[in-house]
2 protein chains.
Amino acid sequence: MRPFFHPSIDDVQPEAILHALSDPNRAAIFVNIMRAGGIQTCSAVSALGDRVIPKSSLSNHFKVLREAGLIRSERHGVEMRNHPRFADVEARFPGLLPAIITAYASNVVEDSRETAE
Amino acid sequence: MRPFFHPSIDDVQPEAILHALSDPNRAAIFVNIMRAGGIQTCSAVSALGDRVIPKSSLSNHFKVLREAGLIRSERHGVEMRNHPRFADVEARFPGLLPAIITAYASNVVEDSRETAE
DNA sequence: TCAATAGTTCATAGTTTCCGAACTATTGAA
DNA sequence: TTCAATAGTTCGGAAACTATGAACTATTGA
């Protein structure tokens with residue numbers, strides 16, 4: 001188990017952020033980490049809505065978020081704590097994360113309106 | 001050659017937009033279409049920077065942008081005209097496209113600064 | 001020392017993307 | 001009309017990427 005790689009904020013690329021968040025599961029994980037007072041373990045996040053995500057897939061999702069520069073992961077005892085790198089990313093690409101998060105959030109409302117009838 | 005599919009703006013999903021624009025080539029194509037007074041043919045766009053994109057790949061890039069709801073394509077004689085659906089998308093996901101375009105634009109500056117030394 | 005917990009890594013099946021080659025559609029001559 | 005040129009689409013197979021079960025690693029607490 002080699003130590004995690006966290007890119008310096010200057011090396012963070014917009015395409016990596018868009019790619020990471022273009023998967024709705026990963027976007028949901030990221031939003032979850034943002035909401036959870038800024039910290040979340042991997043397993044706490046593993047049941048997203050109805051669907052259970054296998055832990056190997058989860059591990060990979062966290063890796064993609066980490067390498068895109070969106071989160072920082074550190075081991076605390078047996079568990080992993082994940083922090084959003086919101087301020088960093090916001091300073092480098094102002095407005096990007098809020099716009100993406102808002103877009104997903106507004107979309108959920110309309111999804112449920114659609115499926116409600 | 002079947003007619004093009006353009007999703008209704010209500011069916012446009014944030015993940016499709018992020019996925020479409022997570023490819024730097026496609027993002028550059030989209031920006032190019034936005035800049036070109038709102039219209040651009042496919043071939044006018046085919047030389048992006050240094051790299052030549054094969055036309056089958058280009059055709060696919062336009063398809064991805066179209067199906068993500070980002071552009072509208074219509075045939076005029078022998079050529080294709082592509083219009084950005086900026087106002088539509090902006091109304092549905094306010095701030096999303098400007099933030100993405102700005103992120104890529106600011107990144108280019110820093111890329112060239114890096115490679116200049 | 002051992003079991004439990006939390007996650008990573010590996011192997012592989014399935015999916016997506018890229019691009020050359022062949023094809024289609026439209027126009028403007030000869 | 002037919003033909004060549006232009007502008008793109010579609011097809012097919014190789015390469016790249018993604019998901020997940022199974023095996024593994026690391027840490028803790030009994």
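Chain A is the first sequence line, chain B the second, and so forth, proteins listed ahead of strands; every chain is numbered from 1.
- A side-chain donor-acceptor contact under 3.5 Å links B/Ser22 to the backbone of B/His19.
- When the P atom of C/dT8 is taken as reference, atom CG of A/Leu65 falls 12 Å away, rounded to whole Å.
- Taking atom CZ on B/Phe62 and atom C1' on D/dG8, their separation rounds to 10 Å, with Å as the unit.
- A 4.5 Å side-chain heavy-atom check between A/Glu67 and A/Phe62 finds every atom pair outside the cut-off.
- Residues of residues 76-83 of chain B having a heavy atom closer than 4.0 Å to DNA chain D, listed by number: B/Val78, B/Glu79, B/Met80.
- Proximity of a side-chain donor or acceptor of A/Thr102 to a complementary backbone N or O of A/Pro98 within less than 3.5 Å is detected.
- Closest to the side chain of A/Arg75, from the set D/dT27, D/dG8, D/dT9, is D/dT27.
- At least one side-chain heavy atom of B/Ile100 sits under 4.5 Å from a side-chain heavy atom of B/Leu18.
- If you check the side chains of B/Arg72 and B/His83, you find no donor sitting under 3.5 Å from an acceptor.
- Side-chain contact check for A/Arg92 versus B/Asn107: some heavy-atom pair is nearer than 4.5 Å.
- A continuous path of ILVMFWY side-chain contacts below 4.5 Å connects A/Ile9 to A/Met34, so both sit in one hydrophobic cluster.
- Note: CD (B/Glu67) to P (C/dT16) measures 13 Å, nearest angstrom.
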Can you check nucleotides 17-21 of chain D for protein contacts, nitrogen or oxygen pairs under 3.5 Å, and list what you find?
residue	atom	partner	partner atom	Å
D/dT18	OP1	A/His19	NE2	2.9
D/dT20	OP2	A/Ser57	OG	3.0
D/dG21	N7	A/Ser56	OG	3.1
D/dG21	O6	A/Ser56	OG	3.2

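- Computed from coordinates, the B/Lys55 NZ to C/dC23 P distance equals 14 Å when rounded to whole Å.
- For the pair A/Arg66 and A/Phe5, the cation-pi test (distance below 6.0 Å, angle within 45°) is failed.
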Candidate pair B/Glu15 and A/Tyr104, rule side chain to side chain contact (heavy atoms under 4.5 Å, CB included), full reasoning: CA-CA 8 Å; B/Glu15 55 266 44; A/Tyr104 271 112; 3.4 Å; yes
Secondary-structure string, 5' to 3', Watson-Crick or G-U under 3.5 Å, | for another-strand partners, for DNA chain D: ||||||||||||||||||||||||||||||
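- Under the 4.5 Å side-chain heavy-atom criterion for grouping Ile, Leu, Val, Met, Phe, Trp and Tyr, B/Val64 is not connected to B/Met80 through any hydrophobic cluster.
- In this structure, the side chains of B/Leu96 and A/Leu96 stay at 4.5 Å or more apart for every pair of heavy atoms.
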